[in-house]
Amino acid sequence: MAKHITPRSEDYSRWYQDIVKKAGLADNSAVRGCMVIKPYGYAIWEKMRDQLDKMFKETGHVNAYFPLFIPKSFLSKEAEHVEGFAKECAVVTHHRLMNDPNGNGVVVDPSAKLEEELIVRPTSETIIWNTYKDWIQSYRDLPLLINQWANVVRWEMRTRPFLRTAEFLWQEGHTAHATSQEAEAEARQMHDVYARFCEEFIAMPVIKGSKTDNEKFAGAEDTYTIEALMQDGKALQAGTSHFLGQNFAKAFDVKYLNSENKEEYVWATSWGVTTRLVGALVMTHSDDEGLVLPPKLAPIQVVIVPIPKPSPEIDELAEKLLAGLSAKGVSVKYDKDDTKRPGFKFAEYEMKGVPVRLGIGKRDLEKGVVEVARRDEKTKESVAVDQVENHVLNLLDEIQANLLDRVKRFRDDHITEVNSFDEFKEVIEGKGGFVSAHWDGTTATEKKIKELTKATIRCIPLDQADESGTCVLTGEPSARRVLFAKAY
RNA sequence: CGGGGCGUAGCGCAGUCCGGUUAGCGCACCUGCUUUGGGAGCAGGGGGCCGCAGGUUCGAAUCCUGCCGCCCCGACCA
């Protein structure tokens with residue numbers, strides 16, 4: 001059967017959902033707003049997770065695990081924080097079920113009401129800082145550099161697989177430091193780690209910047225963000241790193257004695273990326289034929305397809321190539337399923353985004369070649385058997401680089417400087433992408449622009465020269481340009 | 001939470017307006033044969049509380065009432 005994917009030009013949102021479903025990444029579940037991550041989708045997340053975990057360890061962090069449930073009272077200790085999350089929390093009120101006296105299955109046992117309700121964590125700052133209070137006494141206990149891999153729940157109105165679901169997987173780093181400078185450096189360091197991960201592994205260039213007061217994390221002093229651009233011209237926040245100042249330390253009374261025996265509040269950061277990155281990956285590279293995966297995150301990097309079906313001669317060569325490539329660390333699959341025809345397999349592996357496909361048929365055997373097809377450019381070539389291994393190794397690198405290059409060009413073409421509000425609207429409504437414009441620095445203007453155009457300030461880019469000008473909406477003076485876009 | 005749409009086989013749908021044999025089609029699945037360099041062909045076969053609960057009727061997928069769920073679009077958000 002031809003598995004039809006809605007073309008991007010027709011309906012980008014449906015195209016995205018088709019890819020997620022037909023490439024076998026995730027299914028809708030019986031639970032509203034929650035998805036089932038299927039093995040293939042989870043394999044991609046695992047690759048991301050393993051790589052990120054390695055990078056966290058390299059920067060001195062260790063993993064730990066904190067409770068799923070947070071006492072309600074904890075959330076109200078930091079006023080801005082509770083403000084940010086209160087509207088989307090799942091609340092546990094009882095701890096027991098009982099048989100319905102009327103015979104309708106089970107019901108909540110009213111006598112099992114919790115004295116203090118528990119909140120399913122939307123993020124773990126509060127439970128963690130409540131714990132850190134006991135762990136930190138002296139400057140010798142600092143810095144405390146901890147990460148946790150966990151699920152969190154945010155009761156969203158509208159959900160989309162990977163991009164926004166009620167429950168999602170993520171990592172959250174929570175660190176404590178003796179000085180403001182050190183905490184700031186940590187927040188920026190992890191910001192860099194995220195940006196590097198996105199570029200090197202997802203092959204997705206990101207813009208590093210800081211959030212405006214309006215857009216920053218509830219409870220943070222500063223929020224650093226990485227912003228990516230999707231194919232449809234909308235921006236996607238791919239990760240954030242927060243400098244929390246002493247807000248949580250004060251709320252949870254976390255103090256340490258410095259070397260002069262003086263008590264001080266600690267300085268904090270938190271930082272996270274989520275399974276949303278899987279959605280970002282999909283929307284960054286894929287095409288109307290299906291998923292396109294960067295080799296570094298592809299669960300299967302190379303697939304070998306026998307044409308038209310396995311035979312002793314084909315098997316022999318395939319097994320040899322498989323062994324050789326596997327020894328070099330490449331994940332290879334030899335598809336020996338003889339109930340499927342080659343054409344079906346080609347389409348299927350293209351749907352799944354496998355970067356490189358090797359085809360071996362009788363004609364190839366006679367000529368001593370293998371057909372090598374690359375997913376990113378959809379091209380094929382014949383390569384002599386004894387060169388296949390090196391060729392594939394190089395090709396994987398080339399594909400990884402090509403994807404990044406391609407996306408970078410698209411992204412750079414979609415950062416448009418504008419100097420009037422008319423231009424601003426024209427670009428936002430037409431071309432899309434990021435709009436670089438002067439802004440007077442007020443939340444009121446930011447909100448007004450959003451109201452008028454649906455575009456929000458994605459970030460104040462870090463690596464950008466100051467340039468004085470006038471606000472695109474109000475004409476008030478502005479010290480630098482900021483990036484606006486419609487966002488996911 | 002507003003607006004729109006949809007619940008019939010694993011998936012996609014027709015049938016519903018205007019009630020009437022045994023509920024149908026495509027894909028998928030199973031068996032067999034023939035095929036096989038870009039999603040194979042033929043033949044045979046299995047699979048349905050027609051979203052749930054009431055009601056009207058001799059008779060309900062179809063009409064009425066209530067409920068539940070899902071999707072899309074918006075407001076809010078990683």
Side-chain angles (χ1 to χ4, degrees), chain A residues 1-6 11-14 16-18 21-22 24 27-35 83-89 104 122-123 151-172 194 211 214-218 223 225-228 235-242 270-280 289-290 305-311 314 337-351 357-367 369-371 373 378 380 382 447 450-451 454 456 458 486-488:
Chain A
M1 178 195 67
K3 280 190 177 176
H4 179 70
I5 297 179
T6 306
D11 185 337
Y12 194 79
S13 170
R14 270 185 55 198
Y16 174 77
Q17 298 199 140
D18 285 351
K21 200 157 205 177
K22 288 172 178 161
D27 272 344
N28 288 320
S29 74
V31 186
R32 181 196 188 89
C34 297
M35 64 176 170
E83 173 89 8
F85 288 104
K87 284 174 289 184
E88 49 188 27
C89 287
N104 297 319
T123 179
N151 58 339
V152 287
V153 168
R154 295 181 191 173
W155 213 262
E156 300 290 348
M157 295 292 185
R158 181 150 139 57
T159 61
R160 272 185 223 255
F162 293 109
L163 298 177
R164 173 160 299 105
T165 46
E167 179 191 10
F168 55 94
L169 305 182
W170 78 344
Q171 57 69 215
E172 46 181 324
Y194 289 156
K211 286 292 190 188
N214 183 47
E215 294 272 339
K216 74 183 188 192
F217 174 72
T223 290
T225 179
I226 50 173
E227 297 285 326
L236 183 88
Q237 178 177 310
T240 48
S241 179
H242 316 287
S270 68
W271 28 276
V273 294
T274 77
T275 34
R276 168 178 261 197
L277 287 178
V278 177
E289 271 75 54
V305 178
I307 300 168
K309 61 181 177 183
S311 73
I314 293 174
D337 184 349
D338 61 3
T339 67
K340 303 270 193 306
R341 296 162 57 121
F344 181 90
K345 292 179 183 175
F346 294 171
E348 196 66 15
Y349 290 112
E350 275 159 16
M351 180 78 75
R357 182 184 74 233
L358 304 181
I360 308 173
K362 205 172 149 205
R363 296 207 299 255
D364 302 300
L365 288 176
E366 280 163 4
K367 285 188 270 180
V369 299
V370 168
E371 181 188 85
K378 300 276 309 267
K380 293 193 271 201
S382 283
K447 285 186 170 163
K450 181 180 181 186
E451 204 183 301
K454 300 210 158 83
T456 50
R458 301 322 305 156
K486 286 191 196 167
Y488 275 96

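Throughout, a chain's letter reflects where its sequence line sits, starting with A, and its residues are numbered from 1.
- Note on A:Thr165: a base of the nucleic acid sits closer than 4.0 angstrom, heavy atoms only.
- Pairing of B:C29, defined by two Watson-Crick or G-U wobble distances under 3.5 Å, is identified with B:G45.
- B:C13: Watson-Crick or G-U partner is B:G24, with both key distances under 3.5 Å.
- In this structure, of B:A75, B:C76, B:C73, it is B:A75 that holds the atom nearest to the side chain of A:Lys454.
- A:Arg158 has no side-chain polar atom (N or O) that falls below the 4.0 Å cut-off from OP1 or OP2 of B:A75.
- Side-chain polar atoms of A:Asp11 and A:Ser13 form no donor-acceptor pair below 3.5 angstrom.
- Residues A:Thr274 and A:Phe168 share a closest heavy-atom pair of CG2-CE1, 3.6 Å.
- When both distances must be under 3.5 Å, the Watson-Crick or G-U wobble mate of B:C50 does not exist.
- Under the Watson-Crick and G-U wobble criteria, each requiring two contacts below 3.5 Å, nucleotide B:A75 is left unpaired.
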Protein-nucleotides 35-37 of chain B N/O pairs under 3.5 Å:
residue: B:U35; atom: O2; partner: A:Arg341; partner atom: NH1; Å: 3.2
residue: B:U36; atom: O4; partner: A:Lys309; partner atom: NZ; Å: 2.5
residue: B:G37; atom: OP1; partner: A:Arg341; partner atom: NH2; Å: 3.1
residue: B:G37; atom: O6; partner: A:Lys362; partner atom: N; Å: 2.9
residue: B:G37; atom: O6; partner: A:Arg363; partner atom: N; Å: 2.2
residue: B:G37; atom: O6; partner: A:Asp364; partner atom: N; Å: 3.3
residue: B:G37; atom: N1; partner: A:Asp364; partner atom: OD2; Å: 2.5
residue: B:G37; atom: N2; partner: A:Asp364; partner atom: OD2; Å: 2.8

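- Between A:Val273 and A:Gln171, the closest side-chain pair of non-hydrogen atoms falls below 4.5 Å.
- The nucleotide B:G69 finds its pairing partner in B:C6, both defining distances of the Watson-Crick or G-U wobble pair being shorter than 3.5 Å.
- Here the separation of B:A60 from B:U56, taken at their C1' atoms, is 10 Å to the nearest Å.
- A 3.5 Å limit on both hydrogen-bonding distances identifies no Watson-Crick or G-U partner for B:G39.
- For the P atoms, the distance linking B:C42 with B:U36 amounts to 16 Å, nearest Å.
- Shown here for A:Thr165 and A:Arg160, the closest heavy-atom pair between the two residues is CG2-O, 3.7 Å.
- A residue-by-residue look at A:Lys450 and A:Ser13 shows that A:Ser13 has its nearest nucleotide of RNA chain B further toward the 5' end.
- Summarising the geometry of A:Arg458 relative to A:Glu215, their closest heavy-atom pair is NH1-OE1, 3.8 Å, with the distance given to 0.1 Å.
- Atom CG in A:Asp27 sits roughly 12 Å away from atom P in B:C71 (whole-Å rounding).
- Relative to the side chain of A:Ala347, the nucleotides B:A75, B:C76, B:G39 differ in distance, and B:G39 lies closest.
- Using a 4.0 Å heavy-atom criterion, one finds that A:Gln237 contacts the sugar-phosphate atoms exclusively.
- Taking both residues in full, the closest heavy atoms of A:Leu236 and A:Tyr488 are given as CD1-CB, 3.5 Å, listed atom of the first, atom of the second, then distance.
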Side chains of residues 151-159 of chain A: which donor-acceptor partners sit under 3.5 Å, not counting sequence neighbours?
residue: A:Asn151; atom: OD1; partner: A:Arg121; partner atom: NH2; Å: 2.7
residue: A:Asn151; atom: ND2; partner: A:Glu167; partner atom: OE2; Å: 2.9
residue: A:Arg154; atom: NE; partner: A:Pro122; partner atom: O; Å: 2.8
residue: A:Arg154; atom: NH2; partner: A:Pro122; partner atom: O; Å: 2.8

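- The residue A:Arg14 sits apart from the nucleic acid: no heavy atom pair falls under 4.0 Å.
- Rounded to whole Å, the separation between the C1' atoms of B:C50 and B:U16 comes to 11 Å.
- Comparing B:U22 with B:C18, their P atoms are spaced 24 Å from each other, to the whole Å.
- Nucleotides B:U57 and B:G12 have their P atoms positioned 37 Å apart, rounded to a whole Å.
- Proximity of A:Asn28 to the phosphate of B:C71: a side-chain N or O atom is located under 4.0 Å from OP1 or OP2.
- By the side chain to side chain donor-acceptor pair (under 3.5 Å) test, A:Arg357 is found to be paired with A:Glu350, residues two or more places apart in sequence or in another chain being considered.
- Nucleotides B:A23 and B:A40 are separated by 33 Å at their P atoms, to the nearest Å.
- Among the heavy atoms of the strands lying under 4.0 Å from A:Leu163 is at least one base atom, whether or not backbone atoms are also near.
- Taking the P atom of each, B:G38 and B:U34 are spaced 22 Å apart, rounded to whole Å.
- Within the 4.0 angstrom heavy-atom criterion, no nucleotide atom of any strand lies near A:Thr240.
- In this entry B:A61 has no Watson-Crick or G-U wobble partner, no candidate having both defining distances under 3.5 Å.
- As judged by a 4.0 angstrom heavy-atom cut-off over every strand, A:Lys378 is placed among residues making no nucleic acid contact.
- Minimum interatomic distance between A:Lys309 and A:Ile314 (heavy atoms only, all atoms of both residues): O-CD1, 3.6 Å.
- Spacing of P atoms, B:C6 relative to B:C13, comes out at 11 Å, to the nearest Å.
- With hydrogens and angles ignored, no donor-acceptor pair under 3.5 angstrom links the side chain of A:Glu289 to the base of B:G38.
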